[in-house]
Amino acid sequence: MPFFLDPMPALVAAPLLERLARFETVLFGHFLDRGVMDPGIAPVAPVPRVVGTAVTLSLPGLDSTLLHDAAGRLRPGDVLVIDRRGDRTAACLGGGVARAILNSGAAGVVIDGCHTDTAELVAMGLPVFSRGASVLTTRLLGQGGALNRPISVGGVPILAGDAILADDLGVVALHADELEGRLAEADALLALTKRTIAGVEAGQLIGELSGASAIVKNHIKQDG
């Protein structure tokens, strides 16, 4: 199988990433139909909030040849997002490759599959999100793979250059051309959430504040 290497994507503009870093992932879970990854992809250890530019990688089966090459191409602020093509048994990331990725200045790694060397990953502080640990590892088999081509991770289509937001609750991916609009939606929802919380703390009914009680009132069905 061949290797496909597309150019590294444009970095998401720093001001947009700074705005994105203001939000928890769960805020986007309130309104996104596409972008919130399967909760099975979780942080290996408690992590600070992570934002960055997606570098996409597709790895087949037991082969991690292209991962070793890609680790040397990463830039500060990149988030390496790895599609394992359905493999849930072999760990593609361990202490050695993680150290190389950390040296690049990359912001983190998201794997739709397994990692290994959990204690080493935790000790070095590289934010890693995966489906869990495995003792079976990938090898340098030269079977192929793709860098910076469209992938699917955690049920979400990811393009190289997408914006990634990750925290202890999970991972969200936003297409670059939709980012400003999504940030505006998040700003509005955060303001509404703060007003609602303030009202509840003041003793108001959450159903009245959210409009839920009005919906129920308008759709009550009387027996008989």
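The structure displayed is predicted, hence computed values, not measured ones.
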Salt-bridge contact [X]-[Y] (side-chain N to carboxylate O under 4.0 Å):
X      : Y      : result
Asp38  : Arg131 : yes
Asp112 : Arg85  : no
Lys217 : Glu208 : no

Polar contact flag, side-chain donor to acceptor under 3.5 angstrom, Thr118-His115: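 Judged by distance alone, the side chains do pair up.
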
Residues Thr25 and Asp167: side-chain donor-acceptor under 3.5 angstrom: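 Yes, Asp167 and Thr25 have a side-chain donor paired with an acceptor closer than 3.5 Å.
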
Counting only heavy atoms not in [X], do more than 12 fall under 6.0 Å of its [atom1]?
X      : atom1 : result
Glu180 : CD    : no
His68  : NE2   : yes
Ile206 : CD1   : no

Close side-chain approach of [X] and [Y], heavy atoms under 4.5 Å:
X      : Y      : value
Arg34  : Pro157 : yes
Asp83  : Thr56  : no
Leu209 : Val200 : yes
Val55  : Asn148 : yes

Audit row: Leu59, Leu67, side-chain contact (heavy atoms from CB on, under 4.5 Å) steps and yes/no: CA-CA 8 Å; Leu59 295 179; Leu67 172 58; 4.0 Å; yes

Residue pair Cys92 / Ile111: nearest heavy atoms and the distance that separates them: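 Residues Cys92 and Ile111, closest heavy atoms: SG-CG2, 3.9 Å.
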
For Ser134 against Ala91, the heavy-atom pair lying closest together: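 Looking at all heavy atoms of both residues, the shortest contact is O-CB, 3.9 Å.
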
Output yes when a side-chain donor or acceptor of [X] lies under 3.5 Å from a complementary backbone atom of [Y], and no otherwise.
X      : Y      : result
Asn218 : Ile215 : no
Asp87  : Ala90  : yes
Thr65  : Gly142 : yes
Arg139 : Thr137 : yes

Worked verdict on Asp78 versus Met8 for side-chain contact (heavy atoms from CB on, under 4.5 Å): CA-CA 10 Å; Asp78 284 335; Met8 295 294 282; 3.7 Å; yes

Transitive ILVMFWY cluster of Ile164, excluding itself - 4.5 Å side-chain cut-off: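 Result for Ile164 is Met37, Ile41, Val47, Val50, Val79, Val81, Val110, Phe129, Ile151, Val153, Val156, Ile158, Val171.
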
